[in-house]
Amino acid sequence: MSLNLLNKRILFRQLFDRISCTYTYLLADNVSKEALLIDPVLELVDRDLNLIDELGLKLKYVANTHCHADHITGSGLIKKRLNINTTTTTTTPTVQSIISIQSGAKADIKINENDWIKCGDAVNLKVLATPGHTDGCVTYVDYENGLVFTGDALLIRGCGRTDFQQGNSGLLYDSVHNKIFTLPDNFHILPAHDYKGQWLSTVLEEKKFNPRLTKSKQEFIDIMDNLNLDLPKMIDIAVPNNLVCGLHDIPTK
Ligand code: FE2
């Protein structure tokens with residue numbers, strides 16, 4: 001993998017879960033040491049917290065791109081581990097969870113389109129609403145370094161399914177074409193999953209080679225209507241858990 005990050009203050013790590021094929025991303029400001037995790041997985045919380053500890057970082061946010069159906073988020077357990085010495089009545093918790101308002105899930109911070117998530121000077125993510133896989137899906141964009149965290153809206157040569165959790169294939173097509181494909185061609189696509197061992201792509205590559213999203217909108221809808229996929233094994237456990245931040249430390253909001 002090669003990334004030419006323009007802001008040398010930013011620290012970037014791509015972490016992988018072999019079971020659910022989920023990518024978790026760690027971003028941090030190398031000077032202030034403030035850090036953000038995107039889409040942590042419950043079973044890999046120890047790995048993530050060990051890395052954060054080794055690198056001397058201070059985790060500020062755990063953000064989900066959407067309410068996942070295939071794994072339980074690590075957000076609640078991470079908060080429980082790191083917020084031991086703070087109470088909501090006296091101090092702002094060390095770590096705060098983030099998810100979109102439209103997801104319907106609980107989190108400390110509910111985000112909307114055009115909001116910004118910041119850690120120090122180096123991490124500046126703009127929120128784009130990219131519904132269609134679920135109605136609460138968002139994409140996080142680092143414009144300075146050209147990093148696009150697409151969740152399940154756009155995968156490498158694929159996209160998230162649209163047959164449950166308020167999925168809407170026409171809406172997903174519009175989200176990808178109107179929001180993600182209008183970003184600069186050289187921006188890197190960093191998805192929430194990959195099932196074939198690919199780490200990243202670019203906006204240009206997906207505009208040229210994505211087998212679904214290079215089609216017309218009607219052809220795309222027909223493809224998505226005929227995938228005939230089994231439901232994710234964990235959907236009955238993952239979705240209810242993820243609606244309450246992974247259950248371990250349930251936010252009040
Ligand atoms: Fe998903």
Side-chain angles (χ1 to χ4, degrees), residues 14-25 37-44 48 62-76 97-107 110-111 113 125 127-141 148-176 179-180 189-201 206 210 212-213 220-221 223-225 227-247:
Q14 187 175 30
L15 303 153
F16 187 62
D17 171 27
R18 291 192 196 94
I19 308 297
S20 64
C21 296
T22 300
Y23 285 125
T24 296
Y25 298 95
L37 268 178
I38 298 174
D39 289 336
V41 174
L42 177 65
E43 291 79 4
L44 294 170
D48 299 347
V62 280
N64 277 290
T65 50
H66 64 294
C67 183
H68 303 276
D70 61 339
H71 68 275
I72 299 174
T73 178
S75 295
S97 55
I98 297 176
I99 200 162
S100 75
I101 293 169
Q102 290 77 12
S103 71
K106 288 184 180 250
K110 305 279 190 67
I111 46 164
E113 174 137 86
L125 300 179
V127 178
L128 301 182
T130 48
H133 167 61
T134 72
D135 53 2
C137 286
V138 292
T139 291
Y140 300 118
V141 185
V148 189
F149 301 93
T150 53
D152 288 2
L154 180 63
L155 305 177
I156 298 170
R157 310 297 192 267
C159 63
R161 58 196 295 178
T162 54
D163 56 336
F164 58 75
Q165 277 187 298
Q166 318 93 30
N168 180 323
S169 49
L171 195 55
L172 179 58
Y173 189 91
D174 291 341
S175 289
V176 173
K179 303 279 180 70
I180 299 171
I189 300 297
L190 296 154
H193 302 283
D194 191 81
Y195 305 95
K196 297 178 183 168
Q198 301 176 101
W199 289 34
L200 57 78
S201 180
E206 294 310 311
N210 190 296
R212 296 178 184 173
L213 286 147
F220 177 76
I221 291 169
I223 290 169
M224 299 307 287
D225 281 347
L227 292 179
N228 299 316
L229 300 169
D230 293 333
L231 286 178
K233 290 188 197 76
M234 285 191 66
I235 185 168
D236 292 335
I237 301 169
V239 171
N241 272 271
N242 290 334
L243 285 170
V244 287
C245 211
L247 266 182

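None of the values given here were measured: they were computed from a predicted structure. Whatever order the structure lists them in is the order used to number ligands and atoms, beginning at 1.
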Worksheet item: Strictly under 2.8 Å, is any N, O or S atom of H133 next to the Fe ion (ligand 1)?
Response: yes
Discussion item. Using 2.8 Å as the threshold, say whether any N, O or S atom from D152 sits that close to the Fe ion (ligand 1).
Written reply: yes
Worksheet item: Any side-chain heavy-atom pair from N64 and S75 closer than 4.5 angstrom?
Response: yes
Worksheet item: In Å and rounded to the nearest 0.5 Å, what is the CD to CD1 distance from Q102 to I111?
Response: 9.0 Å
Worksheet item: Hey, is there an N, O or S on H66 sitting under 2.8 Å from the Fe ion (ligand 1)?
Response: yes
Worksheet item: Relative to the ring of F164, is the ring of H133 parallel (under 30°), tilted (30 to 60°) or perpendicular (over 60°)?
Response: perpendicular
Item to complete: Report yes if the side chains of W199 and Q14 come closer than 4.5 Å at any heavy-atom pair, otherwise no.
Response: yes
